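Source: prediction; values computed, not measured.
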2 protein chains.
Amino acid sequence: MREFKRRARVLLIDDNADHLRGVKELITLESSYDVVATTTSANIGINLAKKYRPDIILMDINMPEKDGLQAIQEIEKLDMDIRVIALSGYDDADLIFRAMKIGAKGYVLKTMASAQLIYAMDEVAAGKIYLPTALTSRFFEYFQNSFKEEEKTSAEENLLTYLTAREEEVLDLLTQGNNYKSIAGKLFISETTVKTHVNNIFQKLQVNDRTQAVLYALNNGFANRRLSKIAV
Amino acid sequence: MREFKRRARVLLIDDNADHLRGVKELITLESSYDVVATTTSANIGINLAKKYRPDIILMDINMPEKDGLQAIQEIEKLDMDIRVIALSGYDDADLIFRAMKIGAKGYVLKTMASAQLIYAMDEVAAGKIYLPTALTSRFFEYFQNSFKEEEKTSAEENLLTYLTAREEEVLDLLTQGNNYKSIAGKLFISETTVKTHVNNIFQKLQVNDRTQAVLYALNNGFANRRLSKIAV
DNA sequence: TTTGTCTTACATCTTTAGATTGATAAAATA
DNA sequence: TATTTTATCAATCTAAAGATGTAAGACAAA
């Protein structure tokens with residue numbers, strides 16, 4: 001958590017000029033933040049971010065021209081410790097999820113009380129991530145749901161359960177891209193034995209070749225599952 | 001959001017008998033919930049859940065005997081609309097993340113004020129998901145970090161960018177488990193042409209065979225990315 | 001003890017996969 | 001226009017993968 005020795009600097013990006021003015025006034029009059037720049041264009045906003053290096057950006061994510069989410073992503077890629085708070089007119093779970101996924105430090109509805117916006121900025125300036133309670137609940141419903149669907153498909157009937165311990169070892173090595181010789185070497189068994197195991201695996205998983213076996217394994221919760229991959 | 005026409009029923013599971021008594025007293029005296037049963041064993045707790053069908057379970061997740069998280073998972077699998085709130089002594093980001101992932105409707109620290117526990121129960125009883133603000137912030141740091149690491153690896157240098165449009169088509173079919181003949185049929189080109197493309201793909205991705213190519217593709221953000229896969 | 005499963009192993013055979021070289025026409029780019 | 005890239009196809013060859021049948025020792029369960 002860093003301390004701001006100076007007044008924190010804020011950049012406002014909102015294609016609605018009226019709302020932009022309103023927020024600027026609010027911040028100027030009722031907070032201890034400095035608005036260093038404002039713009040109604042996401043593209044210009046990204047350039048302003050590079051130029052002014054603000055501490056916080058308030059980014060409208062419901063803009064027609066350029067997607068606000070995409071703009072957030074580009075700003076995050078700059079890796080300049082600029083903290084973006086998403087401003088949106090919608091408490092849509094998918095929107096909230098995507099915004100938080102790509103690195104937004106907060107998500108505030110435009111309809112919320114101005115005090116809440118200031119509070120969010122305070123929290124974010126202090127290094128925290130802020131989501132209003134109601135939106136947090138929405139987020140988690142969406143979040144948990146994405147895992148529930150997964151369980152269903154894998155619960156139907158997971159052919160992986162029919163594999164023996166040794167077959168699982170072999171499959172694990174298959175999912176790492178090993179060929180017969182390599183697997184034989186790592187398990188200290190002969191290549192023909194590996195072939196036997198692999199053939200048994202094919203039978204049990206009802207596939208025709210190793211690529212299909214690997215795909216089946218990865219899509220049905222077999223070990224080596226990597227983190228995430230939740231499409232934006 | 002459902003309404004409770006009767007007083008909501010609560011099951012308490014906590015291996016610490018003292019804490020168990022304390023929470024029971026708190027709920028009995030200072031809330032409008034009925035404690036239908038208590039136990040210090042996760043396994044017994046699961047059976048009690050089936051028997052009493054409580055509306056809410058307060059589950060200690062720091063138990064030695066059986067992992068509380070595992071117990072939550074088993075209860076969720078029952079699919080009986082029993083809402084579990086995780087009780088923990090630690091505000092560990094990983095613990096919070098895992099609890100919420102498997103379906104906990106709330107996560108409350110044992111050190112928190114008793115009013116906060118009652119509030120969490122009220123929210124959860126009302127169909128919402130509740131996480132204290134401080135823990136929400138922790139959760140999101142962890143959540144966003146899991147995506148950041150991903151970007152790094154894929155940002156280093158993604159060999160997939162060197163593929164031509166046609167090669168991407170071929171790779172896409174490879175990641176679906178097709179062999180040469182099948183790909184040739186689907187793209188209306190000869191099998192030898194497919195071989196040429198596949199060989200070029202191997203060169204560009206610096207791999208030796210199709211399985212490795214498929215693994216590279218899946219691990220580096222190539223289309224077909226499925227939802228989730230965040231290991232518990 | 002018998003039965004069954006698991007792990008190991010080999011032989012044989014067929015089918016894919018993969019490497020290499022070469023070639024042509026279209027399309028994009030310099 | 002000249003050059004490079006891309007997409008297409010072929011022939012050839014080697015290596016790897018996959019199918020099938022058989023079998024022995026270990027071990028656990030009936």
Short side-chain N/O contact to [N] OP1/OP2 from [X], under 4.0 Å:
X	N	answer
B/Thr192	D/dC9	no
A/Tyr180	D/dA15	no
A/His197	C/dT7	no
A/Thr193	C/dA9	yes

Next on the checklist: Both B/Thr196 and B/Tyr162 contact DNA chain D. Which one's nearest nucleotide lies toward the 5' end?
Outcome noted: B/Tyr162
Classify the side-chain pair [X]/[Y] by whether it contains a donor and acceptor separated by less than 3.5 Å.
X	Y	value
A/Gln176	A/Asp172	yes
B/Gln203	B/Asn199	no
A/Ser88	A/Asn62	yes
B/Tyr142	B/Asp94	yes

Checklist outcome for this item: Which of B/Phe143, B/Phe139, B/Tyr130 passes ring-ring contact (aromatic ring centres under 6.0 Å, His included) with A/Phe140? Answer is B/Phe139
Checklist entry - Should B/Lys110 and B/Asp14 count as side-chain neighbours, where that means a heavy-atom distance under 4.5 Å? => result yes
At 4.0 Å (heavy atoms only), tell me whether [X] reaches a base, stays on the sugar-phosphate, or touches nothing.
X	value
B/Asn199	base
B/Lys181	nothing
A/Thr164	sugar-phosphate

Next on the checklist: So, under a plain 3.5 Å distance rule, would you say the side chain of A/Ser190 forms a donor-acceptor pair with the base of C/dC10?
Outcome noted: no
Separation of [N] [atom2] from [X] [atom1] (nearest whole Å):
X	N	atom1	atom2	result
B/Phe202	D/dA16	CZ	P	14 Å
B/Glu167	D/dA7	CD	P	6 Å
A/Lys195	C/dT14	NZ	C1'	11 Å
A/Arg210	D/dA19	CZ	C1'	14 Å
A/Asp209	C/dT14	CG	P	21 Å
A/Asn208	D/dA16	CG	C1'	17 Å

Checklist entry - Are there more than 12 heavy atoms of other residues, nucleotides or ligands under 6.0 Å from atom NZ of B/Lys24? => result no
Item to check | Estimated bend of the helix from C/dT1-D/dA30 to C/dA30-D/dT1 (axis per five terminal pairs, rounded to 10 degrees) | outcome: 50°
Checklist outcome for this item: Assert: residue with more 5' nearest nucleotide on DNA chain C, out of A/Ile189 and A/Lys204, is A/Lys204
